[in-house]
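Just so you know, these numbers use all the heavy atoms, side chains as well, and skip hydrogens, waters and symmetry mates. Throughout, a chain's letter reflects where its sequence line sits, starting with A, and its residues are numbered from 1. A quick note: this is a predicted structure, and the numbers were derived from the prediction, not measured.
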Amino acid sequence: MNLGEFLEMGGYAVYVWPSLGLVVFALVWNVFAARRLHATARAEALRRLAAGGRP
Amino acid sequence: MNWTWLHKFASPPHAYRLAGRLAPWVGWPAFALIVVGLYGGFVLAPPDYQQGEGFRILYVHAPSAWMSMFVYATMAVAAAIGLVWRIKLAHAVAAASAPIGAWFTFAALATGSLWGKPMWGTWWVWDARLTSELILLFLYLGYMALRASIDDRDRADRASAVLAVVGVVNLPVIHYSVFWWNTLHQGATISKIGKPSITGDMLWPLLTMFLAFTLYYGAVMLVRLRAEILRRERDATWLREELRL
């Protein structure tokens with residue numbers, strides 16, 4: 001099977017690739033969102049500590 | 001029985017450090033298994049005799065649908081533990097799980113729609129399986145909206161936990177919907193223990209994806225849990241030492 005045939009997915013390309021793309025996007029986005037959330041919470045906690053425990 | 005180990009385990013500083021140490025050990029295997037599972041499913045597995053190459057959507061759709069329910073079950077159990085034993089860490093686990101579950105539910109619905117169009121001739125049908133899965137998405141969104149709408153964290157924990165626990169009735173409805181009602185959706189493929197209606201070279205990538213997504217959820221949840229603990233413990237003395245290291 002060559003690459004062109006593979007990408008065609010037997011005529012189902014317009015359904016198969018968006019499905020894969022969407023799920024991969026969701027997986028990658030969730031990792032970054034979680035890491036950003038933790039980084040933000042950490043920065044906020046450090047800021048509060050620097051301010052002497054007051055908001 | 002001595003429960004001090006549980007209190008140590010569920011104490012915020014211990015949980016915060018443990019989650020940080022565990023996350024990469026769960027996350028990297030998840031990543032490797034996703035790569036292997038996708039390669040197996042999209043490249044190595046033979047085409048289906050009826051659906052041809054179009055069946056490969058299975059490898060992202062079924063694991064997403066599995067996670068939509070697994071994450072909800074985990075969330076509801078954590079919420080129930082938080083309600084009954086008043087363990088704040090359990091509420092934090094539930095809160096950290098909800099957005100991940102909502103994403104998996106959305107992915108299951110969207111990939112199902114993309115699969116339904118060529119195979120059933122329609123993007124959407126209001127049958128029991130699809131409708132109950134859509135309700136699951138609304139349960140996640142409702143849970144998150146309810147938490148966000150209550151300022152007092154203890155009240156938010158309790159109110160959202162009740163919603164999560166009540167919503168559990170939807171899970172068996174989703175699972176058995178294809179048996180209880182007439183539907184376009186196909187029945188179970190692998191849950192028939194011992195006699196799966198799928199060949200081995202199609203099955204192993206699918207099982208790999210199930211395991212991969214479960215580990216993936218664990219890793220992302222642990223990172224979200226750490227953020228959740230930091231927000232809850234922002235005036236605690238242990239945080240001072242932890243962050244000043």
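Considering CG of A:L20 and NE2 of B:H61, their distance stands at 14.5 Å, rounded to 0.5 Å. The CG atom of B:L114 sits 7.5 Å away from atom CG of A:L22, with the distance rounded to the nearest 0.5 Å. Atom-to-atom distance recorded for B:L230:CG and A:H38:NE2 is 4.5 Å, nearest 0.5 angstrom. The CD atom of A:E5 sits 9.0 Å away from the CD atom of B:E53 when rounded to the nearest 0.5 Å. Here the straight-line distance linking atom CZ of A:R48 with atom CG of B:L243 works out to 12.0 Å at 0.5 Å rounding.
Looking at B:E228, neither its backbone nor its side chain comes within 4.5 Å of chain A, counting heavy atoms on both sides. No part of B:M67 comes within reach of chain A, as not one of its non-hydrogen atoms sits under 4.5 angstrom from that chain. Interface remark: B:F55 contributes no atoms to any contact with chain A (heavy atom separation under 4.5 Å). Residue B:F104 touches chain A through its side chain alone, counting heavy-atom pairs closer than 4.5 Å. At a 4.5 Å heavy-atom cutoff, the contact between B:R56 and chain A is made by side-chain atoms alone. Contacts between B:L38 and chain A at a heavy-atom distance below 4.5 Å involve the side chain alone, from C-beta outward.
Of residues 14-35 of chain B, those residues lying under 4.5 Å from chain A by any heavy-atom pair are B:Y16, B:I34.
Chain A forms the most heavy-atom pairs under 4.5 Å with one residue out of B:S113, B:S64, B:P118, B:P99, and that residue is B:P118. Put simply, of A:P18, A:G10, A:A41, A:A33, the one with the most heavy-atom pairs under 4.5 Å next to chain B is A:A41. Interface summary for chain B: among A:A34, A:A39, A:A45, A:G11, the most heavy-atom pairs under 4.5 angstrom belong to A:A34.
Taking B:D201 as the reference, B:T199 meet the side-chain hydrogen bond (donor to acceptor under 3.5 Å, both in side chains) condition, with sequence neighbours excluded.
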How far apart are the C-alpha atoms of A:T40 and B:R231, what are their side-chain angles, what is the distance that settles it, and do they pass the side chain to side chain contact (heavy atoms under 4.5 Å, CB included) test? CA-CA 10 Å; A:T40 313; B:R231 286 213 221 121; over 6 Å; no
Give the C-alpha distance, both sets of side-chain angles, the deciding distance and a yes or no for side chain to side chain contact (heavy atoms under 4.5 Å, CB included) between B:V43 and A:F6. CA-CA 8 Å; B:V43 181; A:F6 174 69; 3.8 Å; yes
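For CG of B:D152, the number of neighbouring non-hydrogen atoms (other residues, nucleotides, ligands) closer than 6.0 Å is greater than 12.
Within the structure, no pair that satisfies the side-chain hydrogen bond (donor to acceptor under 3.5 Å, both in side chains) test touches residues 8-36 of chain A, not counting sequence neighbours. The side-chain hydrogen bond (donor to acceptor under 3.5 Å, both in side chains) pairs that include a residue from residues 207-225 of chain B are B:W66-B:T214, B:S97-B:Y217, where partners are two or more places apart or lie in different chains.
Inter-residue side-chain proximity for B:W115 and A:V16 is flagged as unmet; no heavy-atom pair is nearer than 4.5 Å.
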